[in-house]
Amino acid sequence: MRSETTLSRRAWFRLSAGALLSVGILPGCARFADNGRGGSFRFVVINDAHFQSARCPEWFERVSASVRSHDPRPEFCLMVGDLAEHGTRSELGSMRDVLRSLGMPFQVVIGNHDYVSDTDRSAWDNLFAQRLNYHFEHRGWRFIGLDSSEGTKYERTRIQPPTLNWLDETLPKLDRSAPTVAFTHFPLGTNVPMRPLNADEVLGRFRQFNLVAVFNGHYHGFTEHKSRRSTITTNRCCAISRDNHDGTKEKGYFLCTAQNGRMRREFIEVKTA
């Protein structure tokens, strides 16, 4: 009787896997089918503002007006690092005021330009307390912000032990099936310039998660890479005072739509003149 039961179970699994494959669904994704969809909403992702010059206030008034113009309105903003150019309180405070002017909640992660020096991020800690490694929930989706910086270094960096330790302590407490979005400053996509040397150590920790999207900055240019079922992107910068690394001229941000457990994004250009 035991052998027949075992055989029956094996046959059932083979049949189930075959049925899933026949309709284009991978067995590894099936565990997310029922409760891995979350709600529907829109949000914006801004990267690399580099607030530093007298040109910035007028520029960000246009950016803010563009964000507020969408109907339906985005429900929040992710700002994925390099809010400032030199990490000073004046620059970071000015950019915080810009984010407040959007008229919606905003969440931030630190970039290398948000440090005054390799060991001094005091202005950031004062203005954006507890915004290094954290997570929040929105309409059934989980968003995870991570500190990917190593002081002011901009290349050949490593994501530091406090972030990796935080992931090890926090991820086991979270629902793996919930649609999840991670956002960092440094790019995690394969072969993207200035990718941290140990970026795979972060992505590997999400192996069993329903990680739908990863939004990154630092590299000023559009890139898109797939990692299992995740889409990892960088975008053109949203700065009037810095150029794009990929030679493009457009500046702007992503308008993102979360729906049915998937993420759709659109580049919104803000004219510089």
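Every value quoted in this text rests on a predicted model; they were computed, and no experiment measured them.
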In terms of heavy-atom contacts, Ala123 and Leu92 come closest through CB-CD1, 3.9 Å
Under 3.5 Å, is there a donor-acceptor pair between the His86 and Glu91 side chains? yes
Ignoring hydrogens and angles, tell me if any N or O in the side chain of Asn216 forms a donor-acceptor pair with the backbone of Leu188 under 3.5 Å. yes
Verify same cluster id: Val109, Val214 (apolar side-chain graph, 4.5 Å): no
Taking Arg262's backbone N and O only, do any of them form a donor-acceptor pair with Asn260's side chain (distance below 3.5 Å, no angle check)? no
Quick check on the hydrophobic clustering: are Leu171 and Val181 connected, directly or via other members, by side-chain heavy-atom contacts under 4.5 Å? no
Restricting to salt bridge (Lys or Arg N to Asp or Glu O under 4.0 Å), what partner residues turn up for Glu137, sequence neighbours left out? none
Return yes if a side-chain donor-acceptor contact under 3.5 Å exists between Glu224 and Thr233, otherwise no. no
Scanning both residues in full, the closest heavy-atom pair of Thr157 with Glu150 reads CA-OE1, 3.3 Å
Please report the shortest heavy-atom distance between Gly217 and Thr234, naming the atom on each side. O-CG2, 4.0 Å
Would you confirm whether Thr248, through its side chain, and Glu250, through its main-chain N or O, come within 3.5 Å as a donor-acceptor pair? no
Residue pairs passing the ring pair (Phe, Tyr, Trp, His ring centres under 6.0 Å) test with at least one member in residues 95-118, sequence neighbours excluded, are His50-His113
Ring centroid separation Tyr253 to Phe267 under 6.0 Å: no
For Phe206 and Phe209, take the angle between the two ring planes, folded into 0 to 90°, and tell me which bin it lands in: parallel under 30, tilted 30 to 60, perpendicular over 60. perpendicular
Measure the acute angle between the ring planes of Phe41 and Phe76, then classify it against the limits of 30° and 60° as parallel, tilted or perpendicular. tilted
Salt-bridge criterion met for Arg195 and Asp200 (N-O under 4.0 Å): yes
Is it true that atom OH of Tyr154 has more than 12 heavy atoms of other residues, nucleotides or ligands lying nearer than 6.0 Å? no
Plane angle bin for His218 and Phe186 - parallel if under 30°, tilted between 30 and 60°, otherwise perpendicular: tilted
Side-chain donor or acceptor of Arg42 paired with backbone N/O of Pro72 under 3.5 Å: yes
Is there a donor-acceptor pair closer than 3.5 Å between any side-chain N or O of Asp114 and the backbone N or O of Leu83? yes
Test log, rule side-chain hydrogen bond (donor to acceptor under 3.5 Å, both in side chains), inputs Arg236 and His220: CA-CA 5 Å; Arg236 305 164 184 89; His220 302 179; over 6 Å; no
Glu58, CD atom: more than 12 neighbouring heavy atoms under 6.0 Å: yes
Intermediate values then yes/no, ring-ring contact (aromatic ring centres under 6.0 Å, His included), Phe43 and Phe143: CA-CA 12 Å; Phe43 64 99; Phe143 289 80; 5.5 Å; yes
Any carboxylate oxygen within less than 4.0 angstrom of a Lys/Arg side-chain nitrogen, looking at Asp168 and Arg205? yes
Are Phe51 and Trp59 joined in one hydrophobic group, where the rule is that I, L, V, M, F, W and Y side chains link up if heavy atoms are under 4.5 Å apart? yes
Are Met79 and Phe183 grouped together when hydrophobic residues (ILVMFWY) are joined by side-chain heavy atoms under 4.5 angstrom apart? no
Between the side chain of Asp147 and the main-chain N/O of Ser149, is any donor-acceptor distance below 3.5 Å? yes
Go through the steps for Thr152 and Asp118 under the test side-chain hydrogen bond (donor to acceptor under 3.5 Å, both in side chains), then give the verdict. CA-CA 5 Å; Thr152 60; Asp118 281 344; 2.5 Å; yes
Nearest heavy-atom pair of Ser227 and Ile232: which atoms, and what distance? CB-CD1, 3.8 Å
How close do Gly87 and Val116 get, heavy atom to heavy atom, and via which atoms? O-CG2, 3.2 Å
Would a distance-only check, ignoring hydrogens and angles, find a side-chain to backbone donor-acceptor pair under 3.5 Å from Ser64 to Ser101? yes
Got a donor-acceptor contact below 3.5 angstrom from the Thr180 side chain to the Ala178 backbone? yes
Lys271 and Glu269: salt bridge (Lys or Arg N to Asp or Glu O under 4.0 Å), yes or no, with the steps? CA-CA 6 Å; Lys271 296 295 185 180; Glu269 182 180 2; 3.5 Å; yes
Evaluate whether atom CZ of Arg62 has more than 12 neighbouring non-hydrogen atoms of other residues, nucleotides or ligands under 6.0 angstrom away. yes
Presence of salt bridge, Glu75 and Arg73, under 4.0 angstrom: no
Decide whether Val44 and Leu99 are clustered together by the hydrophobic rule: side chain heavy atoms of Ile, Leu, Val, Met, Phe, Trp, Tyr closer than 4.5 Å, transitively. yes
I'd like to know if the side chain of Arg89 pairs up with that of Asn126 as donor and acceptor (distance under 3.5 Å, no hydrogens or angles considered). yes
